[in-house]
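Remember, it's 1-based here, ligands and their atoms both numbered in the order they're listed.
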Amino acid sequence: MNTANKDSIEEAYPDYRQHIEKVFEAGQSHIFNWWEELSASEKQHLLEQISSIDFTLLQKLFHEHLNSTPDTFQKNLQPPHIIGIPKNNEEKKIAEKARQMGEDALCRGEIAVLTVAGGQGTRLGIDGPKGMLPISPVNKKSIFQLHAEKIYALQIKYNTSVPWYIMTSETNDNDTKTFFHSNAFFGLDPQGICFFTQRMIPAVNRNGKLLMNTRSNIVMSPNGHGGTILALQEKNIITDMKKRRIKHIFYHQVDNVLIKMADPVFIGYHLVNSADMSSKVVKKRNPEEKVGVIVSLNGHLHVVEYTELSQEDRYAKNNDGSLKYDAGNIAIHIFSIAFLERLFQMETYLPYHIAIKKVPFIDMKGKLNTPEENNAIKFETFIFDILKHVKKGVIMEVARKDEFSPIKNTEGNDSPSTAQKDMVNMFGRWLQKAGITIPTDSDNNVIGQIEINPCFACDEDELIRKVGKDLEFKGFLNL
Ligand code: UTP
């Protein structure tokens with residue numbers, strides 16, 4: 001290889017020869033096909049990427065993939081213990097006690113929010129981070145702003161601080177930070193917001209070869225939401241949290257617009273059970289809904305993916321006709337810092353899962369191909385795989401319509417339009433509870449538009465306290 005610009009590269013990368021050797025040893029030398037035509041900065045970029053790649057791990061993952069057979073869990077599955085939605089006064093009293101405990105922890109400033117926003121949002125396909133999507137039904141506030149206002153409301157309500165940690169990835173870190181800066185952090189104290197990035201991992205083709213999408217760029221993707229755990233450790237986030245006296249982390253995904261931010265009832269149940277990790281679930285809609293379910297497997301909590309659940313278990317019923325395995329995982333969790341520190345000490349790593357995707361790449365002539373068939377293997381870790389290490393876990397069921405409406409697709413299910421509809425319907429139900437007449441259609445969808453700022457009311461109880469029964473809804477409300 002020609003090492004033109006050698007001096008500047010050697011300066012920036014004293015050990016660049018080692019990196020190059022690593023690539024040759026791993027049988028990936030094709031990535032240097034265009035080396036001689038690259039500018040110094042392009043070479044530097046490529047070397048930077050190479051230095052971040054664990055080639056041994058990549059080879060191991062690829063071989064595991066070649067030898068893998070699809071898993072189905074046939075044995076030792078049991079439904080987990082679930083704290084249900086309170087139905088009677090007794091259960092409501094218990095939930096109220098939990099709320100009190102959670103509120104006390106919030107007042108003491110022991111809770112941080114962690115939003116994972118490092119994904120590429122490929123299905124939604126918008127330009128820029130998903131959190132920037134203008135979504136609120138009336139004011140078209142971004143998803144990030146909706147989350148920020150909920151955090152702001154919590155801080156005011158409990159006269160406390162709720163630090164906000166946002167995990168991004170190289171693909172969207174700059175854009176995310178710029179968005180927050182240009183929106184003055186949505187009124188939050190910038191000192192209370194911390195961005196950190198997760199690791200990236202290359203995608204490979206079906207022969208295990210690295211893919212390039214320009215002559216100097218290896219296709220890399222974020223290492224899955226499970227990358228949170230490693231990032232919390234290697235970016236010293238836990239140390240930062242401990243400095244702020246945080247004891248528990250409320251975790252959620254950026255794209256759920258109905259998220260009940262740092263829900264005190266959930267926090268309370270986590271605390272009263274001294275849990276390592278707690279998770280919210282919603283009832284699976286039907287046996288074929290493509291959602292992972294939380295089960296008890298050999299005495300541990302575990303998420304079984306839709307594809308891993310045997311046909312028999314998928315359709316298994318309880319005596320009352322309800323699905324036996326119906327605890328749909330919605331990726332809302334609480335982690336105790338003490339548990340995470342224990343995990344770090346054990347040096348446990350989350351397993352990688354594979355996803356076969358369509359990934360544009362350049363061929364040997366340097367021409368960009370946009371494949372119509374899946375051509376690439378991506379590797380991802382999943383946050384719920386840490387359940388395996390949880391000694392004490394809490395599972396709490398919540399109503400989907402009140403707490404879970406993710407934005408994944410451009411249209412149809414889990415899209416911006418369902419998210420807006422779900423928000424309006426939820427606000428409509430709050431208003432109905434407050435005694436206001438809200439017209440609905442035959443599918444129970446509100447006829448009209450409603451938006452309620454969490455600083456005005458963050459739940460129906462607060463709304464009931466604030467609005468008079470004489471409020472008249474004329475098809476539009478912006479509170
Ligand atoms: P998804 O798996 O739904 O991915 O992530 P996505 O990026 O939103 O969308 P697709 O699959 O590319 O269409 C669920 C949540 O986990 C975060 C996402 O940002 C989202 O909040 N995530 C996902 C990460 O933070 N990092 C990742 O590597 C993957």
Side-chain angles (χ1 to χ4, degrees), residues 52 61 113-133 135 142-144 146-148 164-173 175-177 179 194-203 219-232 234-235 237 249-259 261 279-280 289-292 303 305-307 328-333 335 349-360 374 376-386 403-416 418-419:
S52 74
L61 295 177
V113 166
L114 166 55
T115 305
V116 289
Q120 292 171 298
T122 31
R123 282 167 289 173
L124 187 62
I126 57 159
D127 196 19
K130 218 188 239 188
M132 285 168 46
L133 187 76
I135 192 68
S142 65
I143 307 185
F144 278 135
L146 292 180
H147 296 335
W164 188 12
Y165 294 83
I166 301 171
M167 187 174 80
T168 60
S169 64
E170 249 171 53
T171 56
N172 59 21
D173 185 56
D175 289 345
T176 304
K177 286 179 184 158
F179 188 65
C194 171
F195 300 93
F196 63 102
T197 51
Q198 63 182 119
R199 281 200 198 180
M200 304 287 283
I201 183 162
V219 178
M220 309 268 279
S221 330
N223 62 350
H225 39 66
T228 311
I229 301 299
L230 193 58
L232 285 175
E234 65 186 8
K235 298 287 162 77
I237 301 301
I249 306 171
F250 177 87
Y251 167 106
H252 74 107
Q253 302 189 332
V254 71
D255 52 19
N256 179 11
V257 295
L258 292 190
I259 186 72
M261 202 61 85
S279 304
K280 283 191 175 181
E289 192 190 5
K290 292 186 173 54
V291 61
V303 171
E305 288 285 32
Y306 162 81
T307 47
N329 174 34
I330 51 172
I332 301 172
H333 309 290
F335 303 112
Y349 295 100
L350 296 183
Y352 277 88
H353 301 253
I354 63 147
I356 312 281
K357 298 258 165 94
K358 291 186 201 112
V359 170
N374 290 332
I377 302 164
K378 284 188 172 184
F379 302 98
E380 282 186 322
T381 53
F382 298 154
I383 191 80
F384 49 74
D385 278 327
I386 74 166
E403 305 209 19
F404 186 56
S405 182
I407 299 175
K408 302 288 180 194
N409 309 306
T410 42
E411 49 193 34
N413 283 342
D414 298 341
S415 64
T418 54

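Polar contact with ligand 1: absent for K357 (N/O pair, distance under 3.5 Å). Looking at L124 next to ligand 1, no N or O pair under 3.5 Å apart turns up.
Residues P416 and L133 come closest through the heavy atom pair CG-CD2, 4.1 Å. G328 and V291 get closest at one heavy-atom pair: CA-CG2, 4.2 Å.
Among protein heavy atoms, the minimum distance from atom 26 (N) of ligand 1 is reached at Q198 OE1, 2.7 Å. The single protein non-hydrogen atom nearest to atom 11 (O) of ligand 1 is R123 NH2, 2.9 Å, given as residue, atom name and distance. With hydrogens left out, the protein atom closest to atom 24 (C) of ligand 1 is G119 N, 3.2 Å, a heavy atom. K408 NZ, 4.0 Å is the protein heavy atom nearest to atom 5 (O) of ligand 1. Of the protein's non-hydrogen atoms, the one nearest atom 21 (O) of ligand 1 is V116 O, 2.7 Å. Atom 7 (O) of ligand 1 has as its closest protein heavy atom G121 N, 2.8 Å. From the protein, the heavy atom lying nearest to atom 8 (O) of ligand 1 is K130 NZ, 2.8 Å. Of all protein heavy atoms, the one closest to atom 12 (O) of ligand 1 is T122 OG1, 2.5 Å.
H353 and F379 have their aromatic ring centers separated by at least 6.0 angstrom. Between H252 and H147, the distance separating the two ring centers is shorter than 6.0 angstrom.
Remark: the K130 side chain and the Q253 side chain contain no N/O donor-acceptor pair separated by less than 3.5 Å. Between the side chains of N223 and E380, no donor N or O sits under 3.5 Å from an acceptor N or O. At a cut-off of 3.5 Å, with distance as the only test, a side-chain donor of T197 or K235 sits close to an acceptor on the other residue.
For the pair A117 and ligand 1, a heavy-atom separation below 4.0 Å is found. Assignment of G224 to the shell around ligand 1 is supported, since a heavy atom sits closer than 4.0 Å.
Counting only distance, with no hydrogens or angles, the side chain of N256 and the backbone of E403 share a donor-acceptor pair below 3.5 Å. Using modelled atom types, no side-chain atom of D173 and backbone atom of F196 make a donor-acceptor pair closer than 3.5 Å. A donor-acceptor pair under 3.5 Å is formed between the side chain of S169 and the backbone N or O of G118.
For the residues H252, H225, E380, the heavy atom positioned nearest atom 16 (O) of ligand 1 is part of H225.
If you number the atoms of ligand 1 from 1 as listed, the ones under 4.0 Å from a heavy atom of D255 come out as 8 (O). Each of the atoms 7 (O) of ligand 1 lies under 4.0 Å from some heavy atom of Q120. Each of the atoms 14 (C), 15 (C), 16 (O), 21 (O) of ligand 1 lies under 4.0 Å from some heavy atom of Q253. Listed by number with element, the atoms of ligand 1 under 4.0 angstrom from any heavy atom of G118 are 19 (O), 24 (C), 25 (O), 26 (N). Numbered from 1 in the order shown, with element, the atoms of ligand 1 that lie under 4.0 Å from a heavy atom of M167 read 25 (O).
Ring planes of Y251 and F335: perpendicular class, angle over 60° (limits at 30 and 60°).
A salt bridge is absent between E305 and K290; no separation between the charged side-chain nitrogens and carboxylate oxygens falls under 4.0 Å.
Residue-level proximity to ligand 1 for P222 is carried by backbone and side chain together, each with a heavy atom below 4.0 angstrom.
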